Amino acid sequence: MIEEELRGAFARHEEQAPALEPLRRAIDALAARRRRRRTATRTGAAAVVVALALALPVQLWRGELTLPAQLGGTGIPVAVPQGPLNLLLLGLDEGGPNSTNRSRADTYMLIHLPADGSQAYLVSIERDVITDTPGMGKIKIAGTYALGGAEGARQAVEQLTGVRADAVAEVKLSAMQSVTDALGGLSVCLPETVKSSHTGKAYPAGCRKYSGTQVVDLARQRRNLPNGAYDRDRIVQRVLLALAKEASDRALLSNIGLVNQLVGTPGITLHTGDLSVLGLAVRLDRVEAAGIIGVSQPTFLSLQLGNGEIVEQLDPKVAPDLSAALRDGTMNDFVSKHPSWVLQE
């Protein structure tokens, strides 16, 4: 009797249950929409590094590794480079309208992409670090760009660190200003007040939204900072993090008009050799904003040369470990062992 009642109850409920096939299609559609939203977030998070380091934002258009037709894509799948990659980012300071030095690279940063593509490490090299590069001799690394251009800077960084730079991007501060303004400003988080030696403006501690002009002013500061150019390098890292977060929050690359505007940003020159620009951009797409980690030497290590010039040198104990981690793909272990080298938000 009980068995018959149970069978009847199951039969009645089975008639009321929705058809499985429409339900499955609805679930698949919902999952696809969520995947597209996650893709837009990841793409947006990396877009700023692409805009500044690669000069060409690219989107995984509905999961296909092609450039959208709106951006001049051909529909041909992109060859994505495999293995770890190191991109050398050179920040060029035009120095203002009255400056006579218009070829100064004040920011030297290796953007390291591990083989698994899960993170990006922004590794800064202080501008006054001494180098010994063939054909240039012993000079500050900032001088290698003035003497040898992008290729001279690449050789100096490779000689100094033992790490190959697979691509080089020259980025003028005016380009950073244009990208910032295109995004409607950036919320940059500062650990302490920064007073500009150029404009006299004070930028308070905490997270505040700044215009392109203000971001460029921030990125140029070092004279009023406790650790000089070391602190300036961290400010540049914070600006890049702010750009990544803003792009992520806005799902930037779903806005084709804004992407086209960024693609046309002047002041960015890219040297990729045999690497595909779009392939590099696709690699960057895998990185979310939370996976971008700033790394820099935490303190001064000054050295006086025989001619009386004061230069900086890499930490003799920790810097070799950093270079080895970049070569061996063990940056995650490095940042765990050396937290003072890691940018703290």
Side-chain angles (χ1 to χ4, degrees), residues 46-55 84-93 104-114 119-129 131 140-145 149-173 175-176 179-180 186 188 215-216 218-222 225 227-244 267-272 280 283-284 287 289 291-298 312 314-315 319 322-323 325-327 331 334-335 341-343:
V48 79
V49 185
V50 177
L52 291 181
L54 297 180
L85 289 176
N86 296 293
L87 318 176
L88 176 58
L89 177 61
L90 301 173
L92 309 185
D93 186 352
R104 184 176 70 233
D106 278 342
T107 296
Y108 283 69
M109 181 186 296
L110 278 173
I111 301 174
H112 174 71
L113 303 176
Q119 292 177 308
Y121 296 90
L122 312 180
V123 181
S124 295
I125 302 173
E126 201 274 331
R127 67 190 294 275
D128 293 328
V129 164
T131 63
K140 295 178 180 179
I141 197 167
T144 63
Y145 181 82
E151 183 57 30
R154 181 211 297 263
Q155 292 176 12
V157 169
E158 291 181 345
Q159 179 80 10
L160 182 68
T161 65
V163 176
R164 172 182 168 79
D166 299 289
V168 182
E170 302 170 72
V171 180
K172 294 182 179 179
L173 284 178
M176 183 182 292
V179 172
T180 298
L186 292 178
V188 181
V215 164
V216 167
L218 264 175
R220 296 184 68 210
Q221 299 313 306
R222 62 185 176 91
L225 301 178
N227 293 307
Y230 290 94
D231 287 340
R232 195 259 300 278
D233 288 341
R234 290 186 178 87
I235 289 177
V236 173
Q237 291 178 354
R238 291 179 186 279
V239 168
L240 289 178
L241 286 172
L243 281 163
I268 302 175
T269 305
L270 179 66
H271 312 270
T272 62
L280 289 172
R283 274 294 300 275
L284 285 168
V287 182
I292 301 176
I293 300 172
V295 178
S296 61
Q297 192 163 304
E312 298 298 310
L314 293 181
D315 186 299
L322 174 58
S323 296
L326 289 169
R327 292 191 301 268
M331 281 298 296
F334 176 86
V335 299
W341 285 61
V342 179
L343 183 72

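Keep in mind that this is a model prediction, so the values were computed, not measured.
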List the residues meeting salt bridge (charged side-chain N to carboxylate O under 4.0 Å, His left out) with [X], not counting sequence neighbours, and say none if there are none.
X: Asp106; value: Arg104, Arg127
X: Glu158; value: none
X: Arg238; value: none
X: Arg164; value: Asp166

Close side-chain approach of [X] and [Y], heavy atoms under 4.5 Å:
X: Ile292; Y: Leu240; result: no
X: Leu314; Y: Leu322; result: no
X: Met331; Y: His112; result: yes

- Counterpart residues, side-chain contact (heavy atoms from CB on, under 4.5 Å), relative to Ser296 (two or more places apart): Ser124, Arg234, Gln237
- Gln155: partners by side-chain contact (heavy atoms from CB on, under 4.5 Å), with sequence neighbours left out: Thr133, Glu151
Which value, rounded to the nearest 0.5 Å, describes the distance between [X] atom [atom1] and [Y] atom [atom2]?
X: Thr107; Y: Asp233; atom1: OG1; atom2: CG; result: 6.0 Å
X: Leu122; Y: Ile293; atom1: CG; atom2: CD1; result: 9.0 Å
X: Arg154; Y: Leu90; atom1: CZ; atom2: CG; result: 10.0 Å
X: Arg232; Y: Leu218; atom1: CZ; atom2: CG; result: 11.5 Å
X: Leu110; Y: Leu326; atom1: CG; atom2: CG; result: 6.5 Å
X: Gln297; Y: Ile125; atom1: CD; atom2: CD1; result: 10.0 Å

- Query: Between Thr131, Val129, Asp128, which is the residue that forms a side chain to side chain contact (heavy atoms under 4.5 Å, CB included) with Lys140?
  - Reply: Asp128
- Task: Evaluate the criterion side chain to side chain contact (heavy atoms under 4.5 Å, CB included) for residue pair Val157 and Val163; output intermediate values, then yes/no.
- Result: CA-CA 8 Å; Val157 169; Val163 176; over 6 Å; no
Nearest non-hydrogen partners of [X] and [Y], listed with the distance:
X: Glu170; Y: Ala150; value: OE2-CB, 3.7 Å
X: Ala219; Y: Leu173; value: CB-CD2, 4.2 Å
X: Leu113; Y: Ala120; value: CD2-CB, 3.7 Å

- Message: Would Ile235 and Leu225 count as a side chain to side chain contact (heavy atoms under 4.5 Å, CB included) here? Give the steps.
- Response: CA-CA 11 Å; Ile235 289 177; Leu225 301 178; 3.9 Å; yes
- Message: Please verify the inter-ring angle class for Trp341 with Phe334; under 30° counts as parallel, over 60° as perpendicular, anything in between as tilted.
- Response: perpendicular
- Query: Who pairs with Thr144 by side chain to side chain donor-acceptor pair (under 3.5 Å), at least two apart in sequence or on another chain?
  - Reply: Tyr108
- Message: Given 3.5 Å as the limit, does a donor-acceptor pair link the side chain of Thr161 with the main chain of Ser323, or not?
- Response: no
